[in-house]
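To start, the structure under review is shown below, and the notes come after it.
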Amino acid sequence: MKAIKFIALALLTASISVSATGLTYTRADDDKTKKENSMEGSDYQIVKDEVVDGIRYVTATPSQLVCSNQIDIELEGDTIRKVVFTRGCNGNGKGIGALIQGMKVDEAIRRLRGITCGKRPTSCPDQLARVLETISK
């Protein structure tokens, strides 16, 4: 019983996170350690980038800090044709996709870059902006 109380107390006073470098355990009251161990949110990967009939198709896996696990992007030149988020907040993902459809890549980056989600240093829109930045270079 003491072990269960100890584990419960440890969970209440600590945060556990998983990053690309492994499991991180920090005390909740140790903000400096938390900030040092938090990812900057730039650990996304572009897993597909191809052009078919003048349309560029890009698939990326975003940071593990966000709810979505895949972002599919269609571009025609420097204009966004379509964006689909897999998993995550379904309505928000659809809303972002609908709002930036037809938008220039630079404008989407400007509007979405730096948006956070709660205490996370990134978000699904921020991950999209980071991917767009990378592929537009």
Side-chain angles (χ1 to χ4, degrees):
M1 192 62 153
K2 282 187 176 183
I4 293 173
K5 286 181 181 177
F6 176 76
I7 292 169
L9 181 61
L11 290 173
L12 288 172
T13 61
S15 67
I16 299 172
S17 61
V18 178
S19 68
T21 59
L23 186 65
T24 303
Y25 174 86
T26 58
R27 292 188 54 78
D29 58 353
D30 190 354
D31 290 337
K32 183 179 177 188
T33 303
K34 275 186 176 180
K35 288 177 186 171
E36 289 172 358
N37 287 328
S38 70
M39 293 186 300
E40 294 302 312
S42 60
D43 62 334
Y44 62 86
Q45 287 188 325
I46 297 171
V47 295
K48 180 178 97 173
D49 188 350
E50 64 185 11
V51 178
V52 177
D53 295 329
I55 306 299
R56 187 173 182 186
Y57 298 91
V58 178
T59 299
T61 55
S63 167
Q64 292 180 356
L65 291 175
V66 300
C67 299
S68 63
N69 61 16
Q70 183 170 305
I71 305 171
D72 292 295
I73 305 164
E74 290 181 20
L75 301 171
E76 188 169 3
D78 66 344
T79 303
I80 299 167
R81 284 175 38 119
K82 185 176 181 180
V83 172
V84 176
F85 289 89
T86 302
R87 301 243 184 231
C89 304
N90 188 31
N92 289 338
K94 287 178 183 176
I96 292 165
L99 288 170
I100 67 170
Q101 187 174 358
M103 189 179 286
K104 299 291 183 188
V105 170
D106 290 343
E107 179 65 11
I109 293 168
R110 185 186 71 74
R111 290 177 182 225
L112 302 176
R113 184 75 155 102
I115 293 174
T116 59
C117 185
K119 293 183 180 181
R120 299 172 188 156
T122 189
S123 65
C124 293
D126 181 59
Q127 290 291 294
L128 172 59
R130 290 169 187 248
V131 171
L132 290 171
E133 280 179 324
T134 299
I135 65 174
S136 65
K137 291 181 181 178

**Item:** hydrophobic_cluster_shared for I96 and V84, side chain cutoff 4.5 Å
**Value:** no
Validation row: [X], [Y] side chains within 4.5 angstrom (heavy atoms):
X: Y57; Y: I73; value: no
X: T59; Y: I71; value: no
X: N92; Y: C124; value: no
X: D72; Y: T86; value: yes
X: V58; Y: V47; value: no

**Message:** Run the side chain to side chain contact (heavy atoms under 4.5 Å, CB included) test on I80 and E74 for me, step by step, so that the C-alpha distance in whole Å, both residues' side-chain angles and the decisive distance to 0.1 Å come before the verdict.
**Reply:** CA-CA 6 Å; I80 299 167; E74 290 181 20; over 6 Å; no
**Request:** Please assess V131 against I46 for the test side chain to side chain contact (heavy atoms under 4.5 Å, CB included), listing each intermediate value before the final yes or no.
**Result:** CA-CA 7 Å; V131 171; I46 297 171; 4.3 Å; yes
**Request:** Please check if any side-chain donor atom of S68 sits under 3.5 Å from a side-chain acceptor atom of Q127, or the reverse.
**Result:** no
**Prompt:** Hey, are T134 and Y44 close enough side-chain-wise for a donor-acceptor pair under 3.5 Å?
**Reply:** yes
Does [Y] offer a backbone N or O that forms a donor-acceptor pair with the side chain of [X] under 3.5 Å?
X: E133; Y: I109; value: no
X: R113; Y: D126; value: no
X: T79; Y: L75; value: no
X: S123; Y: I115; value: yes

**Asked** What is the minimum heavy-atom distance between R120 and V66, and which atoms define it?
**Response** NH1-CA, 4.4 Å
**Asked** For the residue pair C67 and R87, what are the closest heavy atoms and their distance?
**Response** O-CB, 3.9 Å
**Prompt:** Under the side chain to side chain contact (heavy atoms under 4.5 Å, CB included) criterion, do L112 and R130 qualify, and how do the steps go?
**Reply:** CA-CA 9 Å; L112 302 176; R130 290 169 187 248; over 6 Å; no
**Message:** Does K48, at its NZ atom, have more than 12 non-hydrogen atoms belonging to other residues, nucleotides or ligands within less than 6.0 Å?
**Reply:** yes
**Message:** Around atom CD of E107, are there more than 12 heavy atoms from other residues, nucleotides or ligands closer than 6.0 Å?
**Reply:** yes
**Asked** Taking NZ, NE, NH1 and NH2 as the nitrogens, is one of them in D106 or R110 under 4.0 Å from a carboxylate oxygen of the other?
**Response** no
**Message:** Working note: E76 + R56, criterion side chain to side chain contact (heavy atoms under 4.5 Å, CB included); need CA distance, chi angles, decisive distance, verdict.
**Reply:** CA-CA 6 Å; E76 188 169 3; R56 187 173 182 186; over 6 Å; no
